[in-house]
Amino acid sequence: MNPVLSSLRARQLSGVRCRTCARLLRREKRSFATASGAGDPEGDPEIYDVVCVGGGPAGLSLLAALRSHPTTSRLRLALIETQSLTPLRTFAPQPDSYSNRCSSLTPASVGFLDGIGAWRHVRRERVMSYGGMRVWDGVSGESIGFDVDGGGGGVEGVKEEREGTEGSNGGVVAYMNENVNLTSALLRRIEELGGVDILEGEKVEDIAFGEDTPTADLTSWPVITTSSGTRLAARLLVGADGANSPVRTFAGIESRGWDYNRVGLVATLKLSGPGWGGEGKKIAYQRFLPTGPVAMLPLPGNMSTLVWSTTPALAARLKSLSPEDFCAMVNAAFRLRTPDLKFLHTIEGGQKDEVSWRETHTKFSREQVPQDVVAVQPGSIASFPLKFRHADSYISQRIALVGDAAHSVHPLAGQGLNQGQGDVEALTQNIIYNVEHGADIGTRMNLEGYGKERYWRNHVLMGVVDKLHKLYATENLGVVRVRSLGLGIVDRLEGVKGWVMRRAAGERGLF
Amino acid sequence: MSSIIPIRGTSLRNFNLLLQTAPRLVNSQFRPHTTSSNPSSVNPIEVSHFNALASTWWDPHGSSRLLHLMNPLRHDFIKRCHATQPTPVAKEGLRYLDIGCGGGIFAESAARLGSTGTVLGIDPTPEVLAVARKHARQDPGLQGKLEYRNMSIEGLPKPTSLNEQYDVLTLFEVIEHITHPADFLDACRDHVKPGGWVILSTIARTWTSWFTTKLMAEDVAGIVPKGTHDWGKYINEEELRAYFLGEQGMRSPPGWNGPQVMGVLYVPGVGWRSVTGSEKVGNYFFGIRRDE
Ligand SMILES: Cc1cc2nc3c(=O)[nH]c(=O)nc-3n(C[C@H](O)[C@H](O)[C@H](O)COP(=O)(O)OP(=O)(O)OC[C@H]3O[C@@H](n4cnc5c(N)ncnc54)[C@H](O)[C@@H]3O)c2cc1C
């Protein structure tokens, strides 16, 4: 064997199982090589066990999970991500400044992330656990206050609480966390373990089936060409590439649903205090308005993150306001009656005074709503269109979809990212089982277990979330009465409430 | 029962796999026989049947689906056997000989395991082996680890050294198609390394298997040509045990130990499940270790 070739191979293909063929492929590739050389678009592709497109929360956690399990740690993995990952590597935030993209992680997700060794890389002082949620109907005022026990909040001791009481999660409903805190922890975990070929700042340009060469028949293998011309053949191609998934498009998997004609307006806010119960007793607030729910989720200290689902026009108006008027509008959204809110959206400025005047004429209990918003973090107001999409299937021959590539859901239940973690956990288990049994991890038949398990769980959850949105996106008096009655009853039935809360906390079972 | 039996000429193997409970009718399979006119263990009628199977072998929804679904259990059973060894099994370099490998469902999977050195799959049916070779090309990871040869066990040269012997010799859904199983097992035995295993799966000889394969499929429905399924060829677990351990006047010299058995049942909608005691009535795995 040519010693140069062999050393080249040893470096590039460490951990690959198909040494012989890779060598042959490499040799052929040379004969095809063009003068320019780089990327070698004419040559044979590099062979990988898993190529993951998309380095968001779902993609990164899949790679970290596969690398950290002894059974799958020998697989050859690649990541393709359009964006540079440098901001994740150099994540060094200011203590009082928070990203506007936050997600509530369920105890189930945190348990999974801990198991794959990623949670300990999360900057814990920036994670806020909360044990209570106050949810109410903005039209009738009827409470849906799914309060667990009021405890469970706190920055410190996140892990102890989770481990302390198996099943009850120590009263923690969820952990509020910046997406970037999670993804940078995942990347740190991946780089600590090593062994993933990361192609960052490279877009997927093309996906096509491979060729039947004298050495191997890759006609059932997706071959990905990136913007730099690199070609990768995938035993299993994972689409973790978000809502507009090019992998899903390649697989010809239809994604059905509708647009809500709503956007999720997000912002990082500073409140007048750390919450009515203090730092240890944080609470999340959500009020259903006819335009969509508005939610205030606790961060450490006096900080909170806002997710306000509303129409694109009203969001545009909110974004155009001065910081003072914007803060006043957020306060109004949790306090004032809907006709007042409607009016406040029609004026171009001066909300601050209008709101403080109207507040004095509105009956509400101070301690039942978030403390006053006093400031908005500059540059933190942004909005994202809200969609309901569900892929017809999560799998195809040599294809699996995870995360938003498979499903997008209304953020009112804070489930999107968590569903992606659930997908990743199930897909990882599926791959482990297949590797242990010598099964080809990419064939449709061997992926069926993953597809079945996750599709139905997500389907039911998404249905519930969608129905909730629709139930509350109306001012029709009849509907308001019925829904108030319905949820008022839910609030009084401990058993049902407990069940709903456990769903929100991502517990397993039933679906 | 009828609802779970996809009776088709090409689904012979599935058909066998589906047979279930009944009282036992034991009439030792290892009865003495006059010298065979056929020097090979291979029954020509069987060969033609598996030719017909070839095209659908890797279709996950085709007639071999039950075999695909059963494959993980084969590995579970081998692991279970290995776990009973007094000395732990090697973590790498294990050599497999898969006799009657068919389209390669097991052979491919064995070759993918990290603990596997090489797999040799042999099968007397050329068309089936062509399917196996073609399919293996779809996985470049198998190159250098998996080899197929078109032959019966008698065609494989007798091993002359330890290096030519195998750690695991497998006979999955094979022995019930063999005319003279004792001769056949005699031929297999020598290929196993001291401390290595013979692992097989087959179906017990029971009233149900007689009823479904002989009477219904051949005589009544006529779906399977008469005579293809020699129900008398089915072998019960205690017969295998007696053969390897040299009990009950069996001719095999001892030299084997630690027999293991695992009965499996196909539950529609659920899949294959290992069920204690079911080896007495239907499909089962059998493993036995050669003395070190
Ligand atoms: C306003 C709002 C609030 C939310 N709040 C919550 C919450 O509280 N809790 C919760 O669980 N979820 C929440 N979500 C949902 C959550 O943000 C998403 O579900 C989650 O980010 C999806 O992660 P992902 O990894 O699947 O996809 P993404 O985060 O979309 O990642 C996809 C990645 O793929 C890359 N990519 C795309 N195309 C290509 C290509 N061609 N080549 C290479 N790379 C490509 C992208 O650059 C991106 O990095 C919220 C969503 C919104 C809009």
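This is a predicted model, so every value here is computed, not measured. Note on naming: letters A, B, ... go to the chains in the order of the sequence lines (proteins, then strands), and numbering restarts at 1 for each one.
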Task: More than 12 heavy atoms of other groups within 6.0 Å of A:Glu211 CD - done: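 At most 12 heavy atoms, drawn from other residues, nucleotides or ligands, come within 6.0 Å of this atom.
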Open item on the list: For B:Lys79, I'd like to know if atom NZ has over 12 heavy atoms of other residues, nucleotides or ligands within 6.0 Å.
Closed with: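 Yes, the 6.0 Å shell around NZ holds more than 12 heavy atoms from other groups.
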TODO: State which residues pass side-chain hydrogen bond (donor to acceptor under 3.5 Å, both in side chains) with A:Glu205; sequence neighbours excluded, sorted by chain then number.
DONE: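 Checked A:Glu205 against side-chain hydrogen bond (donor to acceptor under 3.5 Å, both in side chains); zero matches.
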Task: Residues in side-chain hydrogen bond (donor to acceptor under 3.5 Å, both in side chains) contact with A:Ser220, at least two apart in sequence or another chain - done: A:Arg398
- [ ] Mind checking the CD-OG1 spacing from B:Gln138 to A:Thr219? Nearest 0.5 Å is all I need.
- [x] 5.5 Å
TODO: Working to the nearest 0.5 Å, report the span between CG of A:Asp440 and NE2 of B:His135.
DONE: 7.5 Å
- [ ] Compare every heavy atom of A:Leu218 with every heavy atom of B:Pro140, then report the nearest pair and how far apart it is.
- [x]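 Looking at all heavy atoms of both residues, the closest pair is CG-CD2, 3.8 Å.
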Task: salt_bridge(A:Asp212, B:Arg137) N-O dist < 4.0 Å - done: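 B:Arg137 and A:Asp212: salt-bridged.
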Name the atoms and distances for all side-chain donor-acceptor pairs under 3.5 Å in residues 86-93 of chain B, with sequence neighbours left out.
none

Task: Contact residues of residues 245-254 of chain A (partner chain B; heavy-atom separation under 4.5 angstrom) - done: none
Open item on the list: Given A:His437, which partner from the list B:Arg112, B:Arg74, B:His75 fulfils the side-chain contact (heavy atoms from CB on, under 4.5 Å) test?
Closed with: B:His75
Task: Region of A:Glu436 in contact with chain B, defined by heavy-atom distances below 4.5 Å - done: both
Open item on the list: One pair to check against side-chain contact (heavy atoms from CB on, under 4.5 Å): A:Arg235 and B:Asp139. What are the steps and the verdict?
Closed with: CA-CA 8 Å; A:Arg235 180 187 295 281; B:Asp139 186 349; 2.8 Å; yes
